[in-house]
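Heads up: numbering here begins at 1 and tracks the sequence. Remember, it's 1-based here, ligands and their atoms both numbered in the order they're listed. Keep in mind that this is a model prediction, so the values were computed, not measured. Excluded from the calculations below are hydrogen atoms, water molecules and symmetry mates; all remaining heavy atoms, backbone and side chain alike, are included.
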Amino acid sequence: PQMPSNSKSLHLGMFEIGRALGKGKFGRVYLAKERKTGFLCALKVLHKSELQQGRVETQLRREVEIQSNLRHPNILRLFGHFHDNDRVFLIIEYAGQGELYKKLRKAGSFSEPRAASYVAQMASALAYLHKKHVIHRDIKPENILVGSHGEIKLSDFGWSVHAPTNRRTTICGTLDYLPPEMLRQDAHGDKVDLWALGVLTYEFLVGCAPFEDTPLTTQKRIVHLDFKVPDFVSPEAKDLITRLLRLDPEKRLSLEQVAEHPWIVKHCQKSKTNRERTRNNHQR
Ligand SMILES: Cc1nn(C)cc1-c1nc2c(-c3cnn(Cc4ccccc4)c3)c(Cl)cnc2[nH]1
């Protein structure tokens, strides 16, 4: 079923509203069904008064502008938006398995094959974004959802910008994922997402972020690259993490190099025989 995209024809009456799925700093998200087609989606409801108070209208406009034009299996779709007198509504793809960080907290940490699969999908989504000169700038488990087939869906483009930029919007929330160049408020490019991918890989495998500490100490540890990868992490995974967590943005692995890294290849490429078997089955 297709969602009509022209926002003229979109209005609240079109939807049957279901359970609350979650809430963020601004607004709540509900499960919703489009009455005519039965299409399931997530409806994010934002109150204009809160947006004005938080002075986040421009951020929201940018999120809608950027996310509406993205089409990638690992990026959450924004199908459309509309508003009434006091609320803004975003019609978002429904991710059937919910929030990744809840799965991570429940599991403690992920197995290496599972973590590698998620990192490979993130690298694919980021390569797509960077080709369009979009930097996400807020990669963390809380901004990743899981689709009904277990695939990950990068969401929340409220912080994304068109590269390069040295936009100095105040950071609220965790500092754990901030690269040194953003802490120093230097101009920064898309390599900030590569640093965050390194932090994410570490957190998937270890269960906590590499520089996790009090806010002040976290900042110190980041700029001094003060982290240790526990011995239970495989040498290949440790190699990928250390090649992403480099102070100099230019020394960080590129997304192509991440996709070809031995740790990713080992866990994500179908084994040759398995691929052969798949091909033969399709030919039969
Ligand atoms: C929760 C949950 N459990 N299951 C089984 C599915 C889901 C699910 N949640 C979503 C959600 C979803 C929900 N909350 N949030 C966090 C949030 C809320 C408000 C503002 C900013 C951020 C996202 C979405 Cl967008 C899109 N799809 C979703 N699917």
Side-chain angles (χ1 to χ4, degrees), residues 1-3 5 7 10 12 14-34 37-84 86-107 114 118 121-122 125 129 136-160 169-174 176-177 196 200 203:
Q2 267 309 317
M3 171 67 65
S5 57
S7 58
L10 299 175
L12 194 53
M14 292 171 65
F15 300 97
E16 189 184 330
I17 308 296
R19 75 178 179 94
L21 291 171
K23 59 184 182 324
K25 195 165 174 223
F26 296 98
R28 290 170 178 273
V29 173
Y30 298 88
L31 182 59
K33 184 161 73 172
E34 209 256 326
T37 59
F39 187 77
L40 272 191
C41 58
L43 200 62
K44 190 188 269 191
V45 185
L46 302 138
H47 289 268
K48 288 180 181 175
S49 54
E50 283 176 13
L51 294 173
Q52 275 140 16
Q53 267 156 17
R55 288 212 305 281
V56 285
E57 299 102 311
T58 36
Q59 216 167 304
L60 178 68
R61 257 184 260 281
R62 193 186 313 129
E63 176 179 350
V64 171
E65 166 62 32
I66 288 177
Q67 208 168 347
S68 317
N69 297 305
L70 300 176
R71 302 279 188 283
H72 186 280
N74 299 116
I75 294 176
L76 202 68
R77 278 289 307 277
L78 177 60
F79 293 114
H81 63 282
F82 57 94
H83 61 93
D84 63 14
D86 48 10
R87 292 168 298 183
V88 177
F89 300 90
L90 305 184
I91 307 166
I92 301 172
E93 174 184 4
Y94 171 63
Q97 290 190 30
E99 298 179 86
L100 183 67
Y101 88 93
K102 283 185 184 164
K103 292 176 182 287
L104 179 55
R105 296 292 174 267
K106 189 158 174 270
R114 181 173 183 186
Y118 288 156
Q121 292 173 63
M122 282 299 292
L129 284 177
H136 188 277
R137 291 203 315 170
D138 199 11
I139 307 287
K140 56 186 176 185
E142 291 78 354
N143 286 339
I144 301 172
L145 291 161
V146 186
S148 36
H149 305 292
E151 76 281 19
I152 57 168
K153 302 271 180 183
L154 181 55
S155 72
D156 203 342
F157 286 76
W159 283 90
S160 51
T169 324
T170 35
I171 306 288
C172 46
T174 176
D176 281 329
Y177 281 74
L200 190 70
E203 184 161 356

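Dense packing is recorded around NZ of K48, with more than 12 heavy atoms of other residues, nucleotides or ligands lying under 6.0 Å away.
Formation of a donor-acceptor pair under 3.5 Å by the Q67 side chain with backbone atoms of L76 is found in this model. Here the side chain of Q121 pairs no donor or acceptor atom with the backbone of N74 at under 3.5 angstrom. A donor-acceptor contact shorter than 3.5 Å links the side chain of S155 to the backbone of N143. Of the possible polar contacts, none joining the K44 side chain to the I91 backbone as a donor-acceptor pair under 3.5 Å is found. Remark: the backbone N or O of D138 is paired with a side-chain donor or acceptor of H136 at under 3.5 angstrom.
Atoms of ligand 1 found under 4.0 Å from any heavy atom of G98 (numbered from 1 in listed order, with element): 2 (C), 3 (N), 4 (N), 6 (C), 7 (C), 8 (C). Atoms of ligand 1 lying under 4.0 Å from any heavy atom of E93, numbered from 1 in the order shown and given with element: 26 (C), 27 (N).
Under 4.0 angstrom from ligand 1, the non-hydrogen atoms of R19 all belong to its side chain. At a heavy-atom distance under 4.0 Å, only side-chain atoms of L145, from C-beta outward, approach ligand 1. Counting heavy atoms closer than 4.0 Å to ligand 1, residue K44 contributes side-chain atoms (C-beta onward) but none from N, CA, C or O. Heavy atoms from both the backbone and the side chain of A95 come within less than 4.0 Å of ligand 1.
One option in L21, L43, V146 has a heavy atom closer to atom 1 (C) of ligand 1 than any other, and that option is L21. With G24, A42, S155 as candidates, the residue nearest to atom 17 (C) of ligand 1 on a non-hydrogen basis is G24. When L76, L46, V45, L31 are ranked by how near their heavy atoms come to atom 25 (Cl) of ligand 1, first place goes to L76.
With respect to atom 12 (C) of ligand 1, the closest heavy atom belonging to the protein is V29 CG1, 3.9 Å.
The closest approach between a heavy atom of G27 and any atom of ligand 1 is below 4.0 Å.
Taking the six-membered ring for Trp and the full ring otherwise, F39 and F79 have centroids separated by under 6.0 Å.
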